[in-house]
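Working notes, structure below.
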Amino acid sequence: MNSLRCFAKHPMISLIESDTTLKELKQIHTQLLLNGVLDDPHLLGQFVATAALKNHDNLDYSNQVLDQCENPTLFALNSMIRAHCKSSTPQKSFHFYNRILHSNNNVSPDNYTFNFLVRTCSQLLARETGPSVHGALIKHGFEHDPHVQSGLIFMYAELGCLSSCHRVFGEIPNPDLVCQTAMVSACAKCGDVGFARELFDVMPQRDPIAWNAMIAGYAQSGKSRKALDLFNLMQMMGVRVNEVSMVSVLSACSHLGALDQGRWAHAYIERNKLRMTVTLGTALMDMYAKCGNVNKAMEVFWGMKEKNVYAWTSAMGGLAMHGFGEKCLKLFSLMKQEGVQPNEVTFVSVLKGCSVVGLVKEGRENFESMSEVYGIEPQLEHYGCMVDLYGRAGCLDEALNFINNMPVKPHSGAWGALLNACRMHKNMELGELASRKILELEAKNHGAYVLLSNMYADSKNWEGVNSVREIMKAKGVRKLPGCSVIEVDGEVHEFIVGDKTHPRHDEIEMMLAEISKRLKLSGYVANTNPVLFDIEEEEKEDALCEHTEKVAIAFGLITLKEGVPIRIVKNLRVCWDCHEVTKMISKTFDREIIVRDRNRFHHFKDGDCSCKGYW
DNA sequence: TTAGGGTTAG
């Protein structure tokens with residue numbers, strides 16, 4: 001009874017809510033002081049903890065109150081570590097940890113202290129401090145606390161230290177469901193999704209969170225089909241699916257470009273009345289954008305009740321990916337008007353938006369505003385976007401100048417953007433320089449070899465083509481095999497270059513011949529330059545016929561009803577000839593064709609492409 | 001009177 005009375009929340013403290021203003025908080029504080037309520041250290045702790053936990057980003061007041069208090073309780077100090085760990089200033093947790101350590105009030109850290117502190121280290125990605133905190137908690141005897149253990153596994157996974165995850169996990173005699181799930185997630189996060197699955201399979205019991213962890217593990221490591229397979233198994237086993245499961249399912253569909261399956265997932269969410277959280281809404285929108293239906297993506301976006309920086313950034317990225325640069329920038333203005341703070345990823349979308357439509361001035365201004373207005377230091381990714389922006393617009397000198405003046409060493413991405421620009425604008429000399437730089441950094445960068453070889457082929461420099469081929473051979477560099485995917489009636493068909501095993505291979509061949517015939521009748525002459533090797537003209541045409549997007553398009557023409565757009569996802573950039581051919585097919589066969597290549601979307605219609613020849 | 005595992009944008 002006594003303890004209940006002691007820990008019941010004071011009615012005035014209960015008034016503190018997450019939307020309590022600072023002024024109101026001060027009024028409550030003054031009242032509590034006048035009434036002598038805060039003379040009780042437990043109630044003071046309650047006030048500070050409530051104020052801090054209700055608003056993670058306004059901890060100053062609680063900090064001040066506690067700093068003026070000579071002998072705060074362990075509860076109050078732990079609460080401050082917990083609040084800071086979730087705030088934008090997690091490092092301040094250590095101030096309160098130090099107060100616990102150096103308290104003259106007989107206070108010493110407990111399992112709560114270390115649990116919160118370990119989470120602070122995860123937030124901070126504290127490579128050195130994390131292990132020290134681990135050492136300290138062992139010294140204080142808390143390494144057997146299951147909350148602390150799962151926290152440590154999570155922390156080491158965030159730090160990318162799988163061996164430490166294994167060490168912690170291996171030392172737990174009987175890990176509970178939570179620790180096992182944390183370990184499954186940690187292995188998947190650190191790249192060992194196979195071991196994650198082994199662990200998952202031998203778990204004596206699995207709740208929906210464990211299933212979600214494994215599905216997410218697959219989705220995040222690019223094993224999208226496995227993610228969808230496991231989701232199907234989850235349903236078959238009668239495990240309760242929730243909105244978190246669907247986020248991973250949608251993410252897997254986005255990755256595959258599987259629009260039918262994505263639509264099915266959308267219908268499933270509605271049918272089962274799953275909660276449309278901002279995360280789920282973002283995943284849904286992203287799925288539609290990445291599967292080629294940008295209008296539907298924007299419809300989802302505008303229908304979202306809450307839009308955070310992820311939602312805005314994803315919508316802007318979707319627009320940029322489809323070539324709608326101006327719309328992307330308009331959305332950026334709107335986002336700022338709404339008071340949503342952009343982050344570094346937002347600027348990647350902004351710069352891509354500028355790049356796809358050649359808005360050099362706007363791109364430069366936005367890039368400069370990153371550090372000047374928003375205090376965000378540009379990362380390599382942003383520098384790459386800027387080189388792409390200048391290069392794509394044909395300002396090759398400025399692109400080179402930009403690279404040469406980068407405050408950090410230019411990475412292969414920056415040189416790669418320049419190389420692609422050189423290909424677009426046919427600048428052989430600079431292209432050679434760019435490829436040399438890339439290969440100095442990454443001797444086996446197959447993309448650079450292919451681009452360079454294609455540039456030589458474009459200028460009929462067969463000697464150049466051969467020399468690239470020789471170097472590739474000597475260094476054991478293989479061209480990444482092309483692969484195109486098309487979905488028909490909810491089934492994903494994958495065409496890999498040279499693979500003739502598709503059950504309808506013969507029909508596809510016939511359709512390819514038909515396409516060839518009809519295109520020739522319309523005056524098409526194959527541009528054979530992008531074929532990597534210098535071979536006889538006729539053979540070259542055959543090799544081009546095998547570019548996987550053409551095979552997938554042929555399959556689409558056979559299987560999809562008239563008027564249904566053909567949607568292809570390709571793992572490489574579309575080559576110039578395929579781009580021309582696809583334009584012509586869209587006209588000759590009166591068919592809309594939407595291709596997602598490694599970089600962006602191409603919408604082919606009536607003999608034209610939305611990229612206007614720049615990709 | 002404070003605590004643990006699963007989700008979104010490059």
Side-chain angles (χ1 to χ4, degrees), chain A residues 3-4 6-10 13 42-43 45-50 52-53 73-83 85 110-119 142 145-155 157 175-186 188-189 203 206-217 219-220 242-251 254 275 277-287 289-290 304 307-318 320-321 342-352 379-382 384-385 413:
Chain A
S3 70
L4 266 181
C6 176
F7 293 137
K9 203 171 235 181
H10 190 279
I13 297 177
H42 292 292
L43 288 173
Q46 195 178 81
F47 170 77
V48 168
T50 310
L53 293 171
T73 58
L74 180 60
F75 167 73
L77 293 163
N78 280 347
S79 298
M80 290 309 286
I81 298 179
R82 178 182 166 219
C85 139
D110 64 1
N111 45 344
Y112 288 92
T113 314
F114 284 111
N115 185 24
F116 301 142
L117 214 54
V118 165
R119 278 157 220 288
F142 293 111
D145 182 299
H147 293 90
V148 171
Q149 289 164 338
S150 56
L152 282 171
I153 294 170
F154 181 82
M155 178 187 85
D176 63 12
L177 175 63
V178 177
C179 282
Q180 289 178 49
T181 309
M183 191 58 190
V184 166
S185 182
K189 218 182 272 176
M203 280 170 74
R206 304 180 202 101
D207 64 0
I209 297 187
W211 281 86
N212 289 346
M214 193 61 237
I215 294 172
Q220 288 163 353
N242 63 13
E243 67 276 4
V244 179
S245 331
M246 295 316 287
V247 170
S248 295
V249 167
L250 287 167
S251 162
S254 309
R275 211 157 49 97
T277 57
V278 61
T279 309
L280 185 57
T282 305
L284 185 63
M285 162 182 55
D286 197 54
M287 180 279 293
K290 293 208 173 111
M304 284 171 70
K307 298 182 188 73
N308 61 13
V309 68
Y310 283 80
W312 286 96
T313 304
S314 173
M316 287 160 55
M321 204 188 295
N343 64 20
E344 69 280 8
V345 187
T346 315
F347 278 99
V348 174
S349 292
V350 172
L351 296 178
K352 284 193 171 165
Q379 301 163 352
L380 287 174
E381 180 96 31
H382 302 103
C385 286

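Order of the sequence lines fixes the chain letters, A, B, ..., with proteins taken first and strands second; residue numbering starts at 1 for each chain.
Listed by chain and residue number, A:Ala219 satisfy the side-chain contact (heavy atoms from CB on, under 4.5 Å) test with A:Ser251 (two or more places apart in sequence, or in another chain). Under the side chain to side chain donor-acceptor pair (under 3.5 Å) criterion, A:Thr313 pairs with A:Thr346, not counting sequence neighbours. Legend: residues meeting side chain to side chain donor-acceptor pair (under 3.5 Å) with A:Arg82, ordered by chain and number and at least two apart, are absent. Qualifying side chain to side chain donor-acceptor pair (under 3.5 Å) partners for A:Lys189, counting only residues two or more places apart in sequence or in other chains: A:Glu158. Under the side chain to side chain donor-acceptor pair (under 3.5 Å) criterion, A:Asn111 pairs with A:Asp145, not counting sequence neighbours.
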Going 5' to 3' through nucleotides 3-9 of chain B and flagging B where a protein heavy-atom sits under 4.0 Å of the base, S where only the sugar-phosphate is that close, and - otherwise, we get BBBBBBB
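Nucleic acid contact class of A:Gln180 (heavy atoms, under 4.0 Å, all strands): none.
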